[in-house]
Amino acid sequence: MGTPRSVDWLPAAARRRSRVRDQRGPMFRPVSARPDFVAQEHALLREWAERKTFARLRAQNAGNARWSFLDGPITANNPMGVHHAWGRTYKDLYQRFHAMLGEDQRFQNGFDCQGLWVEVNVEKALGFTSKRDIEAFGIAEFVRLCKQRVLTYAARQTEQSIRLGYWMDWNDPAELLRLRDLMDQDPQQTATIQGVDGPVTDTVEMLVGRLGMPEVGGSYFTFSNENNDLIWGFLAECHRRGWVYRGHDTMPWCPRCGTGLSQMEMNEGYADREDPGLTVRLPLVDRPGEALLVWTTTPWTLAANVAAAVGEDLVYVKVRQGDDVYWLAKGTLRQALRGPFTVLEEAPGRALEGWRYTGPYDDLPAVRTAFGDAGYEHRVVLWDEVGDEEGTGIVHIAPGCGAEDYQLGKSAGLPIFGPIDEDGRYYEGFGWLAGKDAPEVAEEVVDDLEQRGFFYHLEPYAHRYPHCWRCGTPLLFRLVDEWYISMGEVYDQPRETLTREQVDASLRYQIMEVVDQIQWFPAFGHGREIDWLLNMRDWMISKKRYYGLALPIFDCPACGTFDVVGGREELRQRAVEGWEQLEGQTPHRPYVDAVKIACPGCGRPVSRIADVGNPWLDAGIVPFSTMHYREDPEFWSRWFPADFVSESFPGQFRNWFYSMLAMSTVLRRERPFKSLFGYATLYGEDGRPMHKSWGNAIEFDEAAERMGVDVMRWMYASARPEDNILFGWHAADEARRGLLVLWNVYAFFVTYARLAGWTPASGAPAAADRTPLDRWILSRAAGTAAAVEARLREYDAEAATRLLSAFIDDLSTWYLRLSRRRMSRSSGAERDGAFATLHQALVALARMVAPILPFLSESMYANLVAAVDATAPDSVHLSGWPAGELAPLRDEALEDAMALARRAVDLSRTVRGQAGLKVRQPLARLWLALPGREVGELDALLGVVRAEANVKDVVQIGDESELVDRGVKVLLPRVGKRLGAKIPSVMAAAREGRFEIHDDGTVAIAGETLAADEVEVQATPRPGTAVAHDDGLVVVIDTTLTPELRAEGDARELQRAVQDLRKEAELELDDRIELWVDGLDASVRTFLPPVLADTLVDAAHFGAPAAGLPTAPVRLDSGEVVIALRRAGA
RNA sequence: GGGGGAGUAGCUCAAUCGGUUAGAGCUGCGGGCUUAUAUCCCGCCGGUUCCAGGUUCGAGUCCUGGCUCCCCUACCA
């Protein structure tokens, strides 16, 4: 350390400027005022890798108090998007923050690896359109491709995350890709990878299954052996308690994916859709010439019609239309009937019960069989769910095609049959429909019904309809067997009235008790989760697919017994055949399918059901599987429960949060995490979801390389988590502007410290002996560090960034603005105090922003500290959180006073504006009345005001002055309750000055006496010009301009013009010059010496400039002059 | 249908226990400061705080009803 490093991102011009004088040791390296943040980020990534900075951070904190973050797995199925970067910014910044607090952490990233997400993409890549394609292709091969896809994108996302600056225990992406490629050759070949404590050798298949395990390290992968195995244990535990069951039901079904969807999955995919709204006439068997009118939006289900349902108490009418007579609900007459009609008769729904009618497809063999077997005919049934808002008030019931229909069918004892197979095609037995795609037949069905006299009316109907959340296919409802975990009874009584026994008997209430022990950010998360738990149905865990958790359910067709195997070892012991096929394989299909166990009921060999598991099982087990619940219980108990989890909340209350809560409650009946932080959704800048074809989408890589990840991270950290964030280039520009202010303060410091040859080794007065302004900014740094720490401990990065922005603003626009001259034009203790203070403030700031801006802060710190101090940590991320060190510098009274001085200066500018006096024009006097409050450091503050307001004298005036009146500010929060209705009169009197202030501080006003602490006596301006006031602060300026003041103003104007010209001539900051001034009034000359000194003039000529020099006219109060300059000695 | 959240300047958002003159930023206009700045400062323009009632001395804030949007949830053929 200590040797300035190369800075290849620095523009050549900046490097040329690096002339250093008076160097007594290592010096800051030069800094560009126009940094290339992106190049800098890449350089720092290389440095961190070379210096193993992250590894050293982990070592530094090892064994300390722990902070346990548990990563929610990202789906390793595609490159990561900018919305992932939002969440990963939070995850990284809180981990970095806690690392700076010295806390030990695991730093384990997670990848979600199993399930339909991956399958669908692999299918697409192979051009498959149905499950039959997969079966023909081979399940083993297909599953292998799925794993390879996961490895591909895990590597990709790892690279992208590293680019984001996300510090985690990452796998080497190249190693992941190597494993992927080895799988391609032969999964059973032996390979070696670098593990935590040395090389790990195994078959490629098993190495992949061991990723994330203690000996291998790196990210966890939910397809790992351990993850799958622990889920088996969880399911076996559920079974032990009798909660696992097989349900026979009509389920939402995706005909493309060939699988049922759980309730939570169905919720993902509701979308607007237009379906045929078909009204059908069903002739009544016992009432010739009359027909029921029923309405449906799913014509394909008519072939499975079993009954027509009416509301018991709804009013139905018989109407005549031409030669036809129809029955329908009275309330639907207008919407359902076309053309004129005559009402013949009215009857309640219950009168229709039992009426037999002719079904639309009674002649199909499947229907005849189903009806014949049950000895059933189509008839009208009662159902209390029937309404008359839509349709005809007579509901077509197909128990094999709808969940509600199914329930009704079961309770009414109707025949139940499903017409379609896994792919959504009609079974044999449905005549001309057999083999046709159910969603496609609407038109043919309509034609057919029309020909056969069943058709009444057709009109498109728009509604929200569930779609497959993965592939977007509209769902069908299909009669299937699926596996469930019972979530327990819902009691019809408030939670707080439940008995212990009731809670112990119902899992959902046990989960709620766990939810109560968790801190939710934002707080409404608690209510959302409880709400979900109250409303959720049993958890459907099966999926008729190929790649995923192999459900360890062994269901005996012979005797009907099923059992759940609790782990690979148990399976090995119980296996009666096929174990050798699973040996050496991860517990995936098809190998696991080969294993049979002896049926506990009848002893016959029984196979595993073919289904795979719901992927949220995979993610929900991670508080156990990734913390070595089984193989290292001591380790687990140290890290469980996690202190913190964080995820985008849309969906997760019923997905990841829920599955973790459910599994932890079953296994431990305790909370899996202590705090949960959720955030909303990322949209494009136009407020719409990012969409490639809308032109508002931004890829992560593009964002990283164009705006830089620090800028991105700053945007994310400062966003309101509960609101959707609008992400785009303009927002990035705004964020970058804020960071550039910070950068430029830093660049200023380095520039002038180099010119002065100042480094921390040069020394400076003790902090307590510095100017009030110095002590003020140090106090602000201390206060900011404490406040930022408090906010970050509460997972409030938004407030933290606001505090940091305010500090940056103070540092730039107040401290630096007022201190510039001390650094550029003074010397000795005055100068050194300024450098030391600014240096201290910048270093403190770098450490405070380090969790949010890891690159920018590192770059500053490397130069401000590491480059000049060999004893300091060489990375800002190893430097610890600064709040403790800064705390002694806090001086709140001084901060209050400075706020007042700033406001006074603002007011002076307001007054100047009104009076048309620019700030460069010095004024003789400024009168200042302060609020009645205690003000510390008065003299120093008046000095600040004098300098900034550019006045010769600041005179503090009290309320006895003729410039102001005494005013009374009634402190309403104190007196409001006491005075009540008298307030308006008191306030009016205060406004109009009708009051009397007594010597003891009490105030008589509008017949009331107010105590001294109920009012604030303030100055208020007397009417006049050049006065501005704000909350008891009054500023009055003397607008009289003497000839001397005018001349001095001219001198200042001239100085500015010379500086402009210097800049135009592109002179270095320390170039000395020769100056020409032509036409200058004699009165101004008196004030010239400081101007010449400030502008580094060696020789001044009064007269026409030397030929060939560029000149500039300057308008002065005393007349126009012309100036020119050149570098001295040039 | 049920539950929750929100509605404030053209846009994005503030506003402490209810406190009297509702503030910032962005945008626009005018002016100013400045060899750190791609900044910054002052001023102007911009408001029926969704609507209607109510409580209160006083309502953006609390209550009631309605409207709109978002989220969660739900068995509408």
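Residue numbers begin at 1 in each chain, while the letters A, B, ... track the order of the sequences.
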- Answer yes or no: does a side-chain N or O of A:Tyr746 lie under 4.0 Å from OP1 or OP2 of B:A36? no

- Between A:Asn305 and A:Tyr357, does a side chain to side chain donor-acceptor pair (under 3.5 Å) hold up when you go through it step by step? CA-CA 11 Å; A:Asn305 176 272; A:Tyr357 64 88; 2.6 Å; yes

- Check whether any side-chain nitrogen or oxygen of A:Arg720 sits under 4.0 Å from OP1 or OP2 of B:C13, and answer yes or no. no

- ring-ring contact (aromatic ring centres under 6.0 Å, His included) between A:Phe657 and A:Phe649, worked out: CA-CA 9 Å; A:Phe657 304 156; A:Phe649 47 59; 8.3 Å; no

- Tell me which of A:Leu907 and A:Arg825 sits closer to the 5' end of RNA chain B, going by the nucleotide each one is nearest to. A:Arg825

- Message: Please give the distance between the P atoms of B:U48 and B:U61 as a whole number of Å.
- Response: 16 Å

- Item | Between P of B:G43 and NZ of A:Lys918, the distance in whole Å | 19 Å

- Query: B:C33 phosphate, OP1 or OP2: any side-chain N/O from A:Arg920 under 4.0 angstrom?
  - Reply: yes

- A:Arg1052 and side-chain contact (heavy atoms from CB on, under 4.5 Å): which partner among A:Val919, A:Val1091, A:Asn950? A:Asn950

- Message: Using OP1 and OP2 only, check whether a side-chain N or O of A:Lys1063 sits under 4.0 Å from B:U37.
- Response: yes

- Message: Without decimals, in angstroms, what is the distance between A:Phe524 CZ and B:C70 C1'?
- Response: 11 Å

- With P as the reference atom in both, quote the distance from B:G18 to B:G32 in angstrom, rounded to an integer. 46 Å

- Task: In whole angstrom, give the distance that lies between atom CZ of A:Arg34 and atom P of B:U39.
- Result: 10 Å

- Query: Does a side-chain N or O from A:Thr910 land closer than 4.0 Å to OP1 or OP2 of B:C42, or not?
  - Reply: no

- Message: Quick check against the 3.5 Å criterion: does A:Asp36 have a side-chain atom that pairs as donor or acceptor with the backbone of A:Val38?
- Response: yes

- Message: Between B:C33 and B:G47, how far apart are the two P atoms, rounded to whole Å?
- Response: 31 Å

- Message: Is B:C17 syn or anti, taking syn as a glycosidic angle within 90° of 0?
- Response: syn

- Take atom C1' in B:U8 and the same atom in B:G46, then report the distance between them in whole Å. 13 Å

- Could you state the CG-C1' distance from A:Asn535 to B:C71, rounded to the nearest angstrom? 14 Å

- Report the distance from atom CG of A:Asn744 to atom C1' of B:U34, rounded to the nearest whole Å. 13 Å

- Per A:Phe748 side chain, nearest of listed nucleotides B:A77, B:C42, B:A36: B:A36

- Nearest-Å distance, CD (A:Glu798) to P (B:U12)? 16 Å

- Query: Mind checking the C1' distance from B:G10 to B:G66? Whole angstroms is fine.
  - Reply: 27 Å

- Inter-nucleotide C1' distance (B:U49, B:A9), Å rounded: 10 Å

- Task: Please state whether the phosphate of B:C72, meaning OP1 or OP2, lies under 4.0 angstrom from any side-chain nitrogen or oxygen of A:Arg528.
- Result: no

- Item | Base B:A38 to side chain A:Arg736, donor-acceptor N/O within 3.5 Å cut-off | no

- Test for a donor-acceptor pair under 3.5 Å between the base of B:A36 and the side chain of A:Ser812, counting only N and O atoms. yes

- Task: Please state the C1' separation for the pair B:C51 and B:U68 - nearest whole angstrom.
- Result: 11 Å

- Nearest-Å distance for atom pair CH2/P, residues A:Trp520 and B:C72: 15 Å

- Query: Hey, which of these two, A:Gln1059 or A:Asp809, hits RNA chain B nearer its 5' end, going by closest nucleotide?
  - Reply: A:Gln1059

- Report which part of the nucleic acid A:Glu1064 touches: base, sugar-phosphate, or nothing (heavy-atom distance under 4.0 Å, all strands). nothing

- Message: Suppose you measure atom C1' in B:C76 against the same atom in B:C13; what distance do you get, rounded to whole Å?
- Response: 40 Å

- Task: Starting at atom CG of A:Leu979, determine the distance to atom P of B:C57, rounded to an integer number of angstrom.
- Result: 12 Å

- Message: Rounded at 0.5 Å granularity, tell me how far CD in A:Glu1014 sits from CD in A:Glu1008.
- Response: 10.0 Å

- Do the side chain of A:Asp710 and the main chain of A:Leu856 share a donor and acceptor less than 3.5 angstrom apart? yes

- Item | Ring center gap for A:Trp539 and A:Tyr658 short of 6.0 angstrom | yes

- Regarding the side chain of A:Val919, the nearest nucleotide among B:G32, B:C42, B:C75 is B:G32

- Message: Any side-chain N or O of A:Arg902 below 4.0 angstrom from OP1/OP2 of B:C41?
- Response: no

- Message: Under 3.5 Å for both donor-acceptor distances, Watson-Crick or wobble: does B:A59 have a partner, and if so which one?
- Response: none

